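Chain naming here is simple, since letters A, B, ... match the order of the sequence lines and numbering starts at 1 in each. Since we're looking at a predicted model, the values are computed, not measured.
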Amino acid sequence: MIRVQTEDFSLQKEYDRLRQLSSVGAVVTFTGLVRDINQGEQVSSLTLEHYPGMTEKALSEIVSQARQRWDIQQCTLIHRVGELKLSDQIVFVGIACMHRQEAFAACEFIMDYLKTQAPFWKKESNSQGESYWVDARESDTTALDKWSGK
Amino acid sequence: MIRVQTEDFSLQKEYDRLRQLSSVGAVVTFTGLVRDINQGEQVSSLTLEHYPGMTEKALSEIVSQARQRWDIQQCTLIHRVGELKLSDQIVFVGIACMHRQEAFAACEFIMDYLKTQAPFWKKESNSQGESYWVDARESDTTALDKWSGK
Amino acid sequence: MIKILFFAQIRDQLGVSELQLPSQDNSDIESLLNTLKARDNNWASVLSRGKLMVAVNQSMCSDNMQLKAGDEVAFFPPVTGG
Amino acid sequence: MIKILFFAQIRDQLGVSELQLPSQDNSDIESLLNTLKARDNNWASVLSRGKLMVAVNQSMCSDNMQLKAGDEVAFFPPVTGG
């Protein structure tokens, strides 16, 4: 299941859905939160812009690539857009598999590709009330290298 | 925080504790569940035996190794012992970090070492009421190889 | 016609989020970019930055992608979600 | 004295979960194991399996670890938690 939404989400609710099948032995979740300091700035809030239509398409493509690589029993991907405050939840990836290695790999794969392929942009505001677009991190691009071998 | 207990645990409660610090940008959780089929047998229940005293010591050692390798803001490790049913929660590892790569790595590292170093033993019962000790998996030993490079 | 969208910094710097241009025979992304850069110095500078990303019909693509009438082309900076 | 513990299959097969033996000078895990295997054929067979793990004072260790009075030694099969 893939959702792009302004509303917050409940980790427990998503987890309960992921673990339903009795074949599930491992659930890995990733949650991304608005951090207080980013690229040296004191962050007080965040606006997430996206490209409606392409966002959903890009996320579906990433999830289907993960499903081709690993035996995934259940997968949930949620990304919020709009205004977010410090410590708010931004993104959720939940993977349920028979074995842990697959669940870890699929969850990290989806985050790595989302970071570089899904059309979201963050605009942060700092404690002085200044707003600025966040720069893409080189380390997010190099993170993809680990998936090109398999 | 490390706990060895017979009682169940709440993912939400553990997650809420992990995400408290405003420096946390990434939370990765792993939950292990009693799977319906293991090593070809239809599992109906499970008994987890451990070595009291050594268990806590081994888990602390694993967590402190992870803290030496990665910048971990919060870490929780819970392992249940005693009688468990199908789909019950067995183990929880939750890691809160500034960045996702560290959180994924630390969470998987802890699970890989727990699987081979912490003195727990599973005895399963199948649908015919037969009980048998679970065999250690070779793949759990080879999983450690990925951590010897760093 | 071709529908052109701009996002994030690119949109802010151009002051435009969407425009329509007539489609042309044998046009590709590169020639569309050249048409847009010819508008004025600001357009030329904003669209010349190294890290511009392009999507056609909501899929990432490269500069030599051919365009046809009805296509939706989007220009944006490297993505920063997650 | 040395306290000796057995877990899981090893305990089930030996029918004993704990025993005490007098400590001996210059004794190591290997000599303790030989003493235990000399008890009878079952002990010899159970404690000869390749994948026996050993802990002294609740830390994993190898067969040449020296033992002293008051040590707690545990024998068990490869662990299967998680």
Report summary line: Residues C:Val79 and A:Ala136: closest non-hydrogen pair is O-CB, 4.0 Å
Query raised in the report: Should the heavy atoms of other residues, nucleotides or ligands under 6.0 Å from CG of C:Asp40 be counted, would the total exceed 12?
Result: yes
Query raised in the report: Just checking heavy atoms, which of residues 108-127 of chain A are less than 4.5 Å from chain C?
Result: A:Met111, A:Leu114, A:Lys115, A:Thr116, A:Gln117, A:Ala118, A:Pro119, A:Phe120, A:Trp121, A:Lys122, A:Lys123
Query - Approximate separation, where rounding is to 0.5 Å, of C:Phe76 CZ and A:Met54 CE - result: 4.0 Å
Requested in this report: Answer whether the closest heavy-atom distance between the side chains of A:Glu49 and C:Arg11 falls below 4.5 Å.
Outcome: yes
Query - Residues in side-chain contact (heavy atoms from CB on, under 4.5 Å) contact with C:Ser23, at least two apart in sequence or another chain - result: C:Ile2, C:Ala69
Query raised in the report: Is the number of heavy atoms from other residues, nucleotides or ligands within 6.0 Å of CG (C:Asn26) greater than 12?
Result: no
Requested in this report: Would you please name every residue forming a ring pair (Phe, Tyr, Trp, His ring centres under 6.0 Å) with C:Trp43, sequence neighbours left out?
Outcome: C:Phe6
For residues 24-37 of chain A, which side-chain donor-acceptor pairs fall under 3.5 Å, sequence neighbours excluded?
| residue | atom | partner | partner atom | Å |
| --- | --- | --- | --- | --- |
| A:Thr29 | OG1 | B:Thr29 | OG1 | 2.5 |
| A:Arg35 | NE | A:Ile37 | O | 3.0 |
| A:Arg35 | NH1 | B:Met98 | O | 3.1 |
| A:Arg35 | NH2 | A:Ile37 | O | 3.4 |
| A:Arg35 | NH2 | A:Asn38 | OD1 | 2.9 |
| A:Asp36 | OD2 | B:Ser22 | OG | 3.0 |

Query - Heavy-atom pair of closest approach, residues A:Tyr51 and C:Ala55 - result: CE1-CB, 4.5 Å
